[in-house]
Visitor: 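If you scroll down you'll find the structure; I have some questions about it.
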Amino acid sequence: MIRYYNENVTFSLSGKRFNNRWLKAVAESENFSIGDMSIIYCSDSYILNMNRRFLKHDYYTDIITFDYSKGRVLSGDLFISIDSVKDNAASFGDTFDNELNRVMVHGVLHLMGYDDHTEDEQKMMRLKENEYLALKEQMLVGELK
């Protein structure tokens, strides 16, 4: 089950049920299932504090993923900075919604074991993000028919 929370921001994701179906489809496409997952929308200051406290990193980031998965069941906490998502969308010339979707699926990919420390890992992560963003578009078109 996927649950949504806010910490230090006022934000509400529209279409949570559809988003849950999409993330479930992402997991299933790689032979995983969704267990207990929390997506926590927060501010830059909140995520910076989390990064310092738990990861000993002193910088802003758009997402921090805490993985509690067991076997093929994905469970974890995805802390997403709404401030950073907005800034990144502007920097990359993309919409807020597209960037938010990218960050959410990025966190799920981390839960599935994908990493992004090396250049090759980053390329694979970007390919997978794009694949699953396209899947969300396909699902949306299917719902509109």
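As the structure is a prediction and not an experimental result, all values here were calculated from the model. Just so you know, these numbers use all the heavy atoms, side chains as well, and skip hydrogens, waters and symmetry mates.
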Visitor: Any side-chain donor-acceptor pair under 3.5 Å between Y4 and N19?
Guide: yes
Visitor: Can you find a heavy atom in the side chain of Y41 that is under 4.5 Å from one in the side chain of L100?
Guide: yes
Visitor: So, for G76 and Y68, which heavy atoms are closest and what is the spacing to 0.1 Å?
Guide: CA-CD1, 3.5 Å
Visitor: What is the minimum heavy-atom distance between Y132 and S29, and which atoms define it?
Guide: OH-OG, 2.9 Å
Visitor: Would you name the heavy atoms of I34 and A27 that are closest together and state the gap between them?
Guide: CD1-CB, 3.9 Å
Visitor: Please tell me whether L48 and M50 are part of a single hydrophobic cluster in this structure, the criterion being side-chain heavy atoms less than 4.5 Å apart.
Guide: no
Visitor: Do the non-hydrogen side-chain atoms of K136 and F18 ever get within less than 4.5 Å of each other?
Guide: yes
Visitor: Distance alone, cut at 3.5 Å: any donor-acceptor contact between the side chains of S69 and D67?
Guide: yes
Visitor: Hey, could you give me the CZ/CG distance between R126 and L109, rounded to the nearest 0.5 Å?
Guide: 11.0 Å
Visitor: Between the side chains of S81 and D44, is a donor N or O closer than 3.5 angstrom to an acceptor N or O?
Guide: yes
Visitor: List the atom of M125, the atom of H110, and the distance in Å for their closest heavy-atom pair.
Guide: CE-CE1, 3.6 Å
Visitor: Contact between M112 and V108 at the side-chain level, heavy atoms closer than 4.5 Å - yes or no?
Guide: yes
Visitor: Answer with yes or no whether the hydrophobic clustering places F11 together with M104; edges join I, L, V, M, F, W, Y residues whose side-chain heavy atoms lie under 4.5 Å apart.
Guide: yes
Visitor: Please check if the distance between the ring centroids of F79 and F54 is under 6.0 Å.
Guide: no
Visitor: Rounded to the nearest 0.5 Å, how far does CD1 of I80 lie from SG of C42?
Guide: 8.5 Å
Visitor: Do N51 side-chain atoms and Y59 backbone N/O form a donor-acceptor pair below 3.5 Å?
Guide: yes
Visitor: Drop me the distance from L23's CG to I2's CD1, to the nearest 0.5 angstrom.
Guide: 4.5 Å
Visitor: When hydrophobic residues are tied together by side-chain contacts of less than 4.5 Å, even through go-betweens, does Y46 share a cluster with Y5?
Guide: yes
Visitor: With respect to R3, which candidate in D77, I39, D36 satisfies the side chain to side chain contact (heavy atoms under 4.5 Å, CB included) definition?
Guide: D36
Visitor: For M124, look at atom CE and say whether over 12 heavy atoms of other residues, nucleotides or ligands are found less than 6.0 Å away.
Guide: no
Visitor: What do the steps show when you test I82 against K86 for side chain to side chain contact (heavy atoms under 4.5 Å, CB included), and what is the final call?
Guide: CA-CA 6 Å; I82 294 299; K86 285 178 187 173; 3.7 Å; yes
Visitor: Look only at the side chain of R102 and the backbone of E129, and say whether a donor-acceptor pair between them is shorter than 3.5 Å.
Guide: no
Visitor: Quick one: pull up CE in M1 and NZ in K24 and give me the separation to the nearest 0.5 Å.
Guide: 11.5 Å
Visitor: Could you tell me the separation between the CG atom of N8 and the CD1 atom of I40, rounded to the nearest 0.5 Å?
Guide: 13.5 Å
Visitor: Is it true that L74 and V105 fall in one hydrophobic cluster, defined by side-chain heavy atoms closer than 4.5 Å?
Guide: yes
Visitor: Which atoms form the tightest heavy-atom contact between I63 and V103, and what is the distance?
Guide: CD1-O, 3.4 Å
Visitor: Check whether any side-chain heavy atom of L111 sits under 4.5 Å from a side-chain heavy atom of M37, and report yes or no.
Guide: yes
Visitor: Between D115 and E121, what is the shortest heavy-atom contact and its length?
Guide: O-CB, 3.2 Å
Visitor: Please confirm whether the backbone N or O of S84 pairs with a side-chain atom of D62, one donor and one acceptor, at under 3.5 Å?
Guide: no
Visitor: Do F32 and M139 belong to the same hydrophobic cluster, where Ile, Leu, Val, Met, Phe, Trp and Tyr are linked whenever their side-chain heavy atoms lie under 4.5 Å apart, directly or via other members?
Guide: yes
Visitor: Would you call N98 and L133 a side-chain contact if the rule is heavy atoms closer than 4.5 Å?
Guide: no
Visitor: How long is the span from the CG atom in L78 to the OG atom in S38, to the nearest 0.5 Å?
Guide: 9.0 Å
